[in-house]
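A quick write-up on the structure given underneath.
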Amino acid sequence: DDWMCSEFHEPASESDIAAFERENGIVIPQSYKDFLVLSDGGELFGAVGNVWLYGVKATRFKIGDDFSDGMVPKDFLILGFHDSQHICFMPERNKFLFYEYETPDEIESECLWFDSFYDVMEYLIDVRTG
């Protein structure tokens with residue numbers, strides 16, 4: 001059965017990533033770049049997953065796409081979504097987080113925080129398969 005099937009996109013090259021950063025004036029964190037050279041985004045865990053990871057060449061969702069019409073703080077780099085939460089990177093803290101429209105006062109206590117994208121993936125795998 002493919003109800004838990006994940007679909008990964010073709011890898012991005014380092015030059016694709018560098019061009020995207022240059023054209024968009026952003027810096028993608030290294031642990032996410034490591035993922036992009038394996039898969040330029042994807043959809044995880046099939047029908048029960050509702051997890052999208054954004055890429056630099058993707059036709060459906062690209063890094064930075066904000067489906068909230070600007071509700072995500074401008075200093076967060078949007079890398080995907082998990083259920084109704086944005087998967088983001090906050091350069092100021094060099095941390096990843098799941099953001100779901102918390103107020104600035106709530107972000108620290110209400111968001112899930114991660115040190116690297118590897119930790120994000122480990123969490124998603126645990127939540128969806130555990």
Open item on the list: Quick one, Phe35 with Asp40, criterion side-chain contact (heavy atoms from CB on, under 4.5 Å). Give me CA distance, side-chain angles, the key distance, then yes/no.
Closed with: CA-CA 7 Å; Phe35 169 72; Asp40 188 38; over 6 Å; no
Open item on the list: Between Ile63 and Asn24, is the side-chain contact (heavy atoms from CB on, under 4.5 Å) condition met? List the steps.
Closed with: CA-CA 10 Å; Ile63 292 173; Asn24 293 281; over 6 Å; no
TODO: Evaluate side-chain contact (heavy atoms from CB on, under 4.5 Å) for Asp34 paired with Tyr118, printing each intermediate quantity in order.
DONE: CA-CA 9 Å; Asp34 293 345; Tyr118 310 114; 2.3 Å; yes
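Glu14 CD: 12 or fewer foreign heavy atoms inside a 6.0 Å radius. Enclosure of atom CD in Glu10 is not indicated, since only 12 or fewer non-hydrogen atoms of other residues, nucleotides or ligands lie within 6.0 angstrom. The number of heavy-atom neighbours closer than 6.0 Å to CD of Gln30, taken from other residues, nucleotides and ligands shown, is above 12.
When all heavy atoms of Val56 and Ala12 are compared, the closest pair comes out as CG2-CB, 3.8 Å. Summarising the geometry of Ser68 relative to Val72, their closest heavy-atom pair is OG-N, 3.4 Å, with the distance given to 0.1 Å. Heavy-atom minimum distance, Val27 versus Leu77: O-CD2, 3.8 Å. Nearest heavy atom pair, residue Ser6 against residue Leu44, reads OG-CA, 3.5 Å. Heavy-atom minimum distance, Met71 versus Tyr99: O-OH, 3.5 Å. Considering all non-hydrogen atoms of both residues, Lys33 and Ile28 come closest at CE-O, 3.0 Å.
For Asp83 (side chain) and Gln85 (main-chain N/O), no donor-acceptor pair under 3.5 Å exists by modelled atom type. In this structure a side-chain-to-backbone donor-acceptor pair under 3.5 Å is missing from Ser39 to Pro11. Here the side chain of Glu102 pairs a donor or acceptor atom with the backbone of Glu100 at under 3.5 angstrom.
For the side-chain contact (heavy atoms from CB on, under 4.5 Å) test with Cys88, the passing option among Phe76, Phe81, Phe98, Phe96 is Phe76; the others fail. None of Arg22, Lys57, Lys62 except one satisfies the salt bridge (Lys or Arg N to Asp or Glu O under 4.0 Å) rule with Asp16; the exception is Lys57.
Under the 30°/60° scheme for interplanar angles, the aromatic rings of Phe114 and Tyr123 are found to be tilted. Between Tyr32 and Phe117, the ring planes are perpendicular. Angles over 60° get that label, and only those under 30° would be called parallel. Ring geometry for Tyr101 versus His86: interplanar angle over 60°, hence perpendicular rather than tilted (30 to 60°).
With contacts defined as side-chain heavy-atom distances shorter than 4.5 Å, the pair Ile107/Trp113 qualifies. Considering only heavy atoms from C-beta on, His82 stays 4.5 Å or farther from Asn50 through its side chain.
Atoms CG and CD, from Leu112 and Glu110 in turn, are 9.5 Å apart once rounded to the nearest 0.5 Å.
Under a hydrophobic clustering in which Ile, Leu, Val, Met, Phe, Trp and Tyr are joined whenever their side-chain heavy atoms come within less than 4.5 Å, directly or via other members, Ile78 and Phe67 fall into the same cluster.
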